[in-house]
Novice: 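The structure's right below; bear with me while I get my questions together.
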There are 2 protein chains.
Amino acid sequence: MTKRTKRSPRSSSETTTRAATARVPKVASAPLRPKPAANRAEKSAERRAAIVEAAMEEFIARGFAATRLDDVAKRAGVAKGTIYLHFTDKESMFEELIRTAIVPLIGNITMAPPGGSVRETIERFAATFIHEVVSTRRGDIIRLIVAEGPRFPAIADFYFREVVSRGLAGITALIQLGVASGEIRQKELARFPQLLVAPAIVAVIWQSLFARHAPLDAIEMFKVHLDLIFGERRTT
Amino acid sequence: MTKRTKRSPRSSSETTTRAATARVPKVASAPLRPKPAANRAEKSAERRAAIVEAAMEEFIARGFAATRLDDVAKRAGVAKGTIYLHFTDKESMFEELIRTAIVPLIGNITMAPPGGSVRETIERFAATFIHEVVSTRRGDIIRLIVAEGPRFPAIADFYFREVVSRGLAGITALIQLGVASGEIRQKELARFPQLLVAPAIVAVIWQSLFARHAPLDAIEMFKVHLDLIFGERRTT
DNA sequence: TGACAATGACTGACCAGTCAGTCATAATGA
DNA sequence: TCATTATGACTGACTGGTCAGTCATTGTCA
């Protein structure tokens, strides 16, 4: 019921921990040293980070229902009980994980440096997305949301509010900019910003399911897609 | 191990079954009456169909791991043991379900009447797809494949072989036709047929996750998408 | 009546969540 | 500075419940 209100981990110095095992400086008064990483709070934060990392891995590999917390604990190098010091239960753990995993995406997405043409902006954005999401484990998180969303309305809601609606709003603005400047012919595109990102979504899914059957050059595909919207690309 | 090879259910008269409980006519010779459905084979087929139907429902709602066969049995109006007369175990049941659920899709997809322009053909095809898949439970099956695919390589493989590669091949052919006839400007599109279907995939996902937040007119979206490919549509 | 289909109580493995006990670290005081 | 006490993070054996799969019994058709 009552959620623990640990603050999220700030520092994450992993290697130093082992190095400092032998002796712990007894600076009783000053909490001025964030680096050496050996006091209680920091260790706890590190463990939490390890749990989060391990849980992410397991959830991605097996889905929510099939993931065993015993396995998560083992992977994190921690006893099962420890998990419950950081999370109330499996379900809220899952939800919290998805939430925190998504947040950094928003940061990257919303910052859209307005330099250059609309096409350039979108191209840059798409390259970032493909590089940071499609080709990494974050893509799996998106797949995870698609997979578990219907069973976790809270997650679907959160994702819609924080990512989808904002992202689409930003893209709509970009499209309108492009229409105004004459770069984009098709005015109707602004009504369906989903069309612009659709290839990226498909790339994520393809990556998870079919990459080993037929690899897909997401960047190149997206360029062709942009050619459809902006007209033939000049040969680079 | 050994798969049972019952043929798929043909007749499905559900209400009549209950109505006919009291007395069963003894027409031993003539199998000319498909409706009353009371001999052994037919009853068995009906039960199997009920199980398949119920299992589909449960798997879509909960995913593979979280689905209880007790619930499937209850929903199908059957004892749990009966399920094991038709399927070896939960896993092979799931795989077989997905396979048989997908087959009808192929039928609908491959039949592409070549009348009219390429755009018309694609438009007709898309309308069918959206009507038959996006707006129905078959869309959920696609989502289910996305969700469970990584854990069931056999399913991902099957799906790629039987649906994705064939579908994309057909679409590639259509695109090349369009390029040859001058309807499609962008030759490169043939390299990424995924681009043509991407909006449909996105529509499926949107439907499952976000429809209640923001309904999406898939048909209209697809038309705008085709306008990008074929040029502005003439006002109907 | 014989053959086969259907049943559902039962088994055993599995797993989320608990909690009494341990021990490294922090606090206190002399 | 060192000894003593207090703290609370961490552990992992344990519990209660769940559920896939089985099989002896019962029902039904030909």
Side-chain angles (χ1 to χ4, degrees), chain A residues 1-2 4 6 9 17-18 20-31 33 36-51 55 58-59 62-94, chain B residues 1 4 6 17 20-31 36-51 55 58-59 62-94:
Chain A
M1 281 297 161
T2 49
R4 274 164 186 266
K6 284 262 173 57
T17 308
R18 179 150 295 284
T21 23
R23 217 56 177 88
V24 176
K26 287 189 190 162
V27 267
S29 58
R33 278 209 246 162
N39 62 24
R40 224 117 133 175
E42 280 176 28
K43 267 202 158 182
S44 174
E46 262 170 34
R47 299 207 148 191
R48 191 195 158 91
I51 292 168
E58 293 288 325
F59 280 136
R62 305 201 204 298
F64 175 79
T67 289
R68 287 166 299 219
L69 291 196
D70 282 296
D71 289 350
V72 172
K74 199 181 294 174
R75 185 188 276 261
V78 146
K80 186 154 63 144
T82 307
I83 292 175
Y84 288 90
L85 299 175
H86 294 271
F87 301 93
T88 37
D89 60 7
K90 194 185 177 189
E91 201 166 312
S92 60
M93 178 188 184
F94 181 68
Chain B
M1 279 300 163
R4 275 162 184 268
K6 287 261 172 59
T17 309
T21 26
R23 215 60 176 83
V24 176
K26 287 186 190 166
V27 267
S29 59
N39 63 25
R40 222 123 142 178
E42 278 177 30
K43 268 203 157 181
S44 174
E46 263 171 34
R47 290 189 166 220
R48 191 195 157 91
I51 291 169
E58 293 287 326
F59 280 136
R62 305 199 205 299
F64 175 79
T67 290
R68 286 166 299 217
L69 291 196
D70 283 296
D71 289 350
V72 172
K74 197 180 294 173
R75 185 189 277 261
V78 146
K80 187 158 61 151
T82 307
I83 292 175
Y84 288 89
L85 297 175
H86 293 271
F87 301 93
T88 39
D89 60 6
K90 194 184 177 190
E91 201 166 311
S92 61
M93 178 189 185
F94 181 68

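A, B, ... follow the sequence lines: proteins, then strands. Residue 1 opens every chain.
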Novice: Would you mind reading off the distance between B:I83 atom CD1 and D:dT22 atom C1', rounded to a whole angstrom?
Specialist: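 So the CD1-C1' distance, B:I83 to D:dT22, works out to 14 Å.
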Novice: Would you indicate whether the side-chain heavy atoms of A:M93 and A:L69 approach each other to under 4.5 Å?
Specialist: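 In contact.
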Novice: Within the 4.5 Å heavy-atom criterion, are A:T67 and A:F94 side-chain neighbours or not?
Specialist: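 A:T67 vs A:F94: side chains apart.
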Novice: Can you measure from CZ (B:F87) to CZ (B:R48) and round to the nearest 0.5 angstrom?
Specialist: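 Nearest 0.5 Å value for the CZ-CZ distance: 4.0 Å.
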Novice: Can you tell me how far C1' of D:dC14 sits from OH of A:Y84, to the nearest Å?
Specialist: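 Distance, rounded to whole Å: 14 Å.
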Novice: Take the protein atom NE2 of A:H86 and the nucleotide atom P of C:dG17, then report the distance between them rounded to whole Å.
Specialist: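 Atom-to-atom, A:H86 to C:dG17, this comes out as 16 Å.
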Novice: In whole angstrom, give the distance that lies between atom CG of A:D89 and atom P of C:dG17.
Specialist: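 Distance, rounded to whole Å: 5 Å.
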Novice: Once you round it to whole Å, what is the distance between P of D:dT22 and NZ of B:K90?
Specialist: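 One finds 15 Å between P of D:dT22 and NZ of B:K90, rounded.
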Novice: Report the distance from atom CE of B:M93 to atom C1' of D:dG21, rounded to the nearest whole Å.
Specialist: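 One finds 13 Å between C1' of D:dG21 and CE of B:M93, rounded.
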Novice: Whole-Å distance between D:dG17 P and B:R68 CZ?
Specialist: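 The answer, rounded to whole Å, is 15 Å.
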Novice: Which heavy-atom pair separates A:Y84 from A:D89 by the least distance, and what is that distance?
Specialist: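 Looks like CE2-CA, 4.0 Å.
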Novice: Walk me through it: do B:R47 and B:L85 pass the test side-chain contact (heavy atoms from CB on, under 4.5 Å)?
Specialist: CA-CA 10 Å; B:R47 290 189 166 220; B:L85 297 175; over 6 Å; no
Novice: Which whole-number value in Å describes the distance from A:F94 CZ to C:dA16 C1'?
Specialist: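 Computing the A:F94:CZ to C:dA16:C1' distance gives 16 Å.
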Novice: Give me the distances for all protein-to-nucleotides 24-26 of chain D N/O pairs that come in under 3.5 Å?
Specialist:
none

Novice: Provide the closest heavy-atom pair for A:I51 versus A:I83 in the form atom of the first, atom of the second, distance.
Specialist: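 Heavy atoms only, the tightest pair is CD1-CA, 4.1 Å.
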Novice: Between CZ of A:R75 and CG of A:D70, what distance do you get to the nearest 0.5 Å?
Specialist: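 Here the interatomic distance stands at 14.0 Å.
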Novice: In B/S/- notation, 5' to 3', how is nucleotides 7-13 of chain C contacted by protein heavy atoms closer than 4.0 Å?
Specialist: BB-----
Novice: Over all heavy atoms of both residues, which pair between B:K90 and B:A65 is shortest? Give the atoms and the distance, please.
Specialist: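 Nearest pair, atom of B:K90 first, then B:A65: NZ-O, 3.4 Å.
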